[in-house]
Amino acid sequence: MTTIGIIGSGNIGSNVARAAIAHEYEVVIANSRGPESLSDLVKELGDAASAGTVDEAVHAGELVLVAIPLKAIGDLPVAPFEDKVVMDANNYYPQRDGRIPALDTNASTTSELLQEHLPHSHVVKAFNNIPAKDIPRDGQPSGDDDRRALPIAGNDHAAKVRVAEFLDTLGYDALDLGDLSESWKVERDTPSYVKRTTLDELKELTADVERVQQA
Ligand SMILES: NC(=O)c1ccc[n+]([C@@H]2O[C@H](COP(=O)([O-])OP(=O)(O)OC[C@H]3O[C@@H](n4cnc5c(N)ncnc54)[C@H](OP(=O)(O)O)[C@@H]3O)[C@@H](O)[C@H]2O)c1
């Protein structure tokens, strides 16, 4: 059985956990307050879930999800992430995260910042473009006309293939936008942001996006 390590037990982390468990994965989930604070969530999630420290969740995960506020990524320990495929759900909200000059000037993207912090991991943008509550309830079998598509981006092809397979199992098509530097195309204030789209619709909405200055 494949284990997903989940860092962040809030909206995204808990809902990816629900979807993963519904599709026969195991999850080890961590937050900032420690495993004992996760007993209610783990009870709700059932036998396929356990709580751990951040190090334990990363270590256990064949895929690891980072679903914490962007301002906290610098607090993540670097060593446990070595060689891990890391799904990055982050978006930039200055009112929550503070102003980040590299994003305000479009010199970088949120996922490139995470990749810089975790240089020996393989970061793939994923789950940033769907409202958290939709994740466990909107998946559909492969081939359905109305199947929802989610964007991914990353610098490592093999890592993207693994994330696309995970999304497919959860019931989603994946649209590969290219490298992490392209991931701004599906971030806040872009046409596709948190919209329900099929693969063709997502391709259309991400084809000619204008990169505006972050406000
Ligand atoms: N909410 C959505 O629908 C949505 C959709 C797409 C993308 N996103 C993005 O996904 C990210 C997570 O959003 P969210 O809504 O899931 O956030 P959230 O509900 O506020 O949950 C954040 C989680 O991160 C944990 N955390 C914070 N700092 C940490 C650290 N240093 N180490 C380990 N865990 C830490 C918190 O732990 P504690 O519980 O212990 O405080 C909490 O469990 C954000 O960048 C957000 O913009 C959100």
Side-chain angles (χ1 to χ4, degrees), residues 2-8 12-13 16 20 54 57-93 97 100-130 135 149-170 172-194 197 199 202-203 205-212 214:
T2 305
T3 301
I4 311 297
I6 299 184
I7 314 305
I12 288 285
V16 170
V54 170
V58 176
H59 181 71
E62 281 141 89
L63 290 175
V64 179
L65 171 72
V66 170
I68 67 177
L70 182 63
K71 66 176 177 198
I73 60 172
D75 299 335
L76 292 172
V78 176
F81 283 90
E82 185 161 349
D83 288 336
K84 293 286 182 178
V85 175
V86 178
M87 300 181 285
D88 171 34
N90 265 309
N91 291 307
Y92 174 39
Y93 283 92
D97 299 317
I100 300 175
L103 300 179
D104 290 338
T105 59
N106 291 335
S108 192
T109 59
T110 57
S111 290
E112 288 178 293
L113 296 182
L114 183 63
Q115 183 70 81
E116 264 173 45
H117 180 64
L118 305 174
H120 306 299
S121 73
H122 309 285
V123 172
V124 178
K125 186 102 220 162
F127 294 111
N128 79 302
N129 198 25
I130 178 171
I135 295 169
L150 300 179
I152 59 173
N155 301 342
D156 181 298
H157 178 72
K160 286 193 284 194
V161 168
R162 289 186 61 194
V163 172
E165 284 168 358
F166 179 56
L167 291 177
D168 184 47
T169 307
L170 265 46
Y172 298 95
D173 287 330
L175 176 65
D176 182 359
L177 298 169
D179 288 349
L180 293 177
S181 59
E182 304 292 321
S183 58
W184 63 268
K185 290 180 179 170
V186 292
E187 291 220 24
R188 186 171 55 81
D189 297 339
T190 59
S192 74
Y193 188 57
V194 297
T197 54
L199 189 57
L202 188 55
K203 277 182 191 163
L205 286 180
T206 53
D208 287 310
V209 198
E210 193 191 338
R211 193 169 189 178
V212 293
Q214 294 289 331

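Salt bridge absent: Lys84 and Glu62 never bring a charged side-chain N and a carboxylate O closer than 4.0 Å. For the pair Glu165 and Arg162, the salt-bridge criterion is not met [side-chain N within less than 4.0 Å of a carboxylate O].
With a 4.5 Å cut-off on side-chain heavy atoms, Pro151 and Leu202 count as touching. The shortest side-chain heavy-atom distance between Val186 and Leu150 does not fall under the 4.5 Å cut-off. In this structure, Pro119 and Val78 have side chains that are in contact, with non-hydrogen atoms separated by less than 4.5 Å. For the pair Met87/Leu63, a side-chain contact is recorded, criterion being any heavy-atom separation below 4.5 Å from C-beta on. Inter-residue side-chain proximity for Leu167 and Phe127 is flagged as met; some heavy-atom pair is nearer than 4.5 Å. Here the side chains of Leu177 and Ile152 are not in contact, with every heavy-atom distance at 4.5 Å or above. In this structure, Val16 and Ile6 have side chains that are in contact, with non-hydrogen atoms separated by less than 4.5 Å. Residues Ile4 and Val64 are not in side-chain contact: their nearest non-hydrogen atoms beyond the backbone lie 4.5 Å or more apart.
A distance of 10.5 Å separates CD in Glu210 from CG in Asp208, rounded to the nearest 0.5 Å. Rounding to the nearest 0.5 angstrom, the gap separating the NZ atom in Lys185 from the OG atom in Ser192 is 11.0 Å. Note that CG of Leu65 and CG of Asp88 are 8.5 Å apart. Values are rounded to the nearest 0.5 Å. The line from CG of Asn90 to CG of Leu113 is 9.0 Å long, rounded to the nearest 0.5 Å. For the atom pair NE2 of His157 and CG of Asp176, the computed distance is 8.0 Å after rounding to the nearest 0.5 Å.
Formation of a donor-acceptor pair under 3.5 Å by the Gln115 side chain with backbone atoms of Val123 is found in this model. Panel note: side chain Tyr92, backbone Asp104; no donor-acceptor pair is recorded below 3.5 Å. Looking at Glu112, its side chain does come within 3.5 Å of a backbone N or O of Thr109 through a donor-acceptor pair. His117 contributes a side-chain N or O that, together with a main-chain N or O of Leu76, makes up a donor-acceptor pair within less than 3.5 Å. Listed for the Asp156 side chain is a donor-acceptor partner under 3.5 Å among the backbone atoms of Ala159.
Of all the heavy atoms in Gly13 and Ala67, the pair that sits closest is N-CB, 3.9 Å. Looking at every heavy atom in both residues, Leu180 comes nearest to Val124 through CD2-CA, 4.5 Å. Residues Leu118 and Pro77 share a closest heavy-atom pair of CD2-O, 3.9 Å. Here the closest heavy-atom approach between residue Lys160 and residue Ala153 is recorded as CD-C, 3.9 Å. Here the closest heavy-atom approach between residue Ala89 and residue Ile12 is recorded as CB-CG2, 3.9 Å. Taking each heavy atom of Thr110 and Leu70 in turn, the nearest pair found is CG2-CD2, 3.7 Å.
Residues Lys125 and Ser111 bring a donor and an acceptor atom of their side chains to less than 3.5 Å of each other. A donor atom on one side chain and an acceptor atom on the other are not found under 3.5 Å apart for Glu187 and Thr190.
Under the side-chain hydrogen bond (donor to acceptor under 3.5 Å, both in side chains) criterion, Tyr93 pairs with Tyr193, not counting sequence neighbours.
With Asn91 as reference, Asn128 is the one residue of Asp189, Asn129, Asn128 to meet the side chain to side chain donor-acceptor pair (under 3.5 Å) rule.
His59 NE2: 12 or fewer foreign heavy atoms inside a 6.0 Å radius.
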